[in-house]
Amino acid sequence: MKSQKVLTVCLGNICRSPAAQGIIESLSAKSKSVFLELDSAGTAAYHIGSPPDSRSIAALKQVGIHIDQQKARQVSKADFDEFDWILAMDRENLANLKKIQPKHSRATLVLFGEFHPSVAFGEVVDPYYGGESGFIEMRQHLTNIAQAFVNHLTLKREDSVSR
Ligand code: 4NP
């Protein structure tokens, strides 16, 4: 079965979006019906080429997810034709992505938190300037949304198969 390509996007591509990539990869690897190829990027160029923040790496390592091999990059217009889904971590990321989104491009651009039924899940708060506990909260928040996202794709697939 054809896989879908998913790009997670935050500001710096060192805290939230690499973590989101690792968590979605881990959840989709357990799914028998959803096949995903993941990447992540930042709207800003500050950290191009850097590995994820050590606090993100540590928070995910605690749950057996390894993201230390990732390298930060900046999102580009070409990504809108390369990916099926572009998932923005907060509203500012979403607004910046809309500014560069070419007309009639392939990707569905959404606020990642919208996949979760609770409105409180709307934005994934930037943990960069806070302490380590913020990274654990980020991991839990991302895990809840990622599960809702994978469930959404599973239901869509079951719907298309039963038609
Ligand atoms: P991220 O967090 O967008 O989740 O990767 C940030 C990382 C770096 C900076 C801001 C946010 N920065 O200003 O360098």
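Remember, it's a predicted structure, so these values are computed and weren't measured experimentally. Only this structure's heavy atoms are used, side chains among them; waters, hydrogens and symmetry mates stay out. In each ligand, atom 1 is the first atom listed, and ligand 1 is the first ligand listed.
- Between Asp79 and Lys5, none of the side-chain N atoms (NZ, or NE/NH1/NH2) sits under 4.0 Å from a carboxylate O, so this pair counts as no salt bridge.
- With a 4.0 Å cut-off on non-hydrogen atoms, Met89 does not touch ligand 1 at all.
- Heavy-atom contacts of Tyr129 reach the following atoms of ligand 1: 12 (N), 13 (O) (cutoff under 4.0 Å).
- Aromatic pair Phe112/Trp85: centroids not less than 6.0 angstrom apart.
- Under a 4.0 Å criterion applied to the non-hydrogen atoms of Ile14, ligand 1 contributes the atoms 5 (O), 7 (C), 8 (C).
- Under the 4.5 Å side-chain criterion, counting only non-hydrogen atoms from C-beta, Asp53 is not in contact with His47.
- Between Asp126 and ligand 1, an N or O atom pair is found at a separation short of 3.5 Å.
- The protein heavy atom nearest to atom 12 (N) of ligand 1 is Tyr128 CE2, 3.5 Å.
- Those atoms of ligand 1 that come under 4.0 Å of a heavy atom in Cys15, given as number and element, are 1 (P), 2 (O), 4 (O), 5 (O).
- Arg16 NE, 2.8 Å is the protein heavy atom nearest to atom 4 (O) of ligand 1.
- Proximity to Leu11 (heavy-atom distance under 4.0 Å) selects the following atoms of ligand 1: 3 (O), 10 (C), 11 (C).
- A 6.0 Å sphere centred on CD of Glu92 holds no more than 12 heavy atoms belonging to other residues, nucleotides or ligands.
- Between Gly12 and ligand 1, an N or O atom pair is found at a separation short of 3.5 Å.
- The backbone of Asn13, and not its side chain, has at least one atom closer than 4.0 Å to an atom of ligand 1 (non-hydrogen atoms only; backbone = N, CA, C, O).
- A salt bridge is absent between Lys61 and Asp68; no separation between the charged side-chain nitrogens and carboxylate oxygens falls under 4.0 Å.
- Lys77 has its side chain out of reach of Gln101: every pair of non-hydrogen atoms, C-beta onward, lies at least 4.5 Å apart.
- Counting only heavy atoms of the protein, atom 1 (P) of ligand 1 lies nearest to Cys10 SG, 3.5 Å.
- In Phe135, neither the side chain nor the backbone holds a heavy atom less than 4.0 Å from any atom of ligand 1.
- Looking only at protein heavy atoms, the nearest one to atom 14 (O) of ligand 1 is His47 NE2, 2.8 Å.
- Side-chain contact between Asn151 and Gln147: present, with at least one pair of heavy atoms (C-beta onward) separated by less than 4.5 Å.
- Counting heavy atoms from C-beta on, the side chains of Phe83 and Val6 never come closer than 4.5 Å.
- What you find for Ser40 and Gln70 is that their closest heavy atoms are OG-OE1, 3.4 Å.
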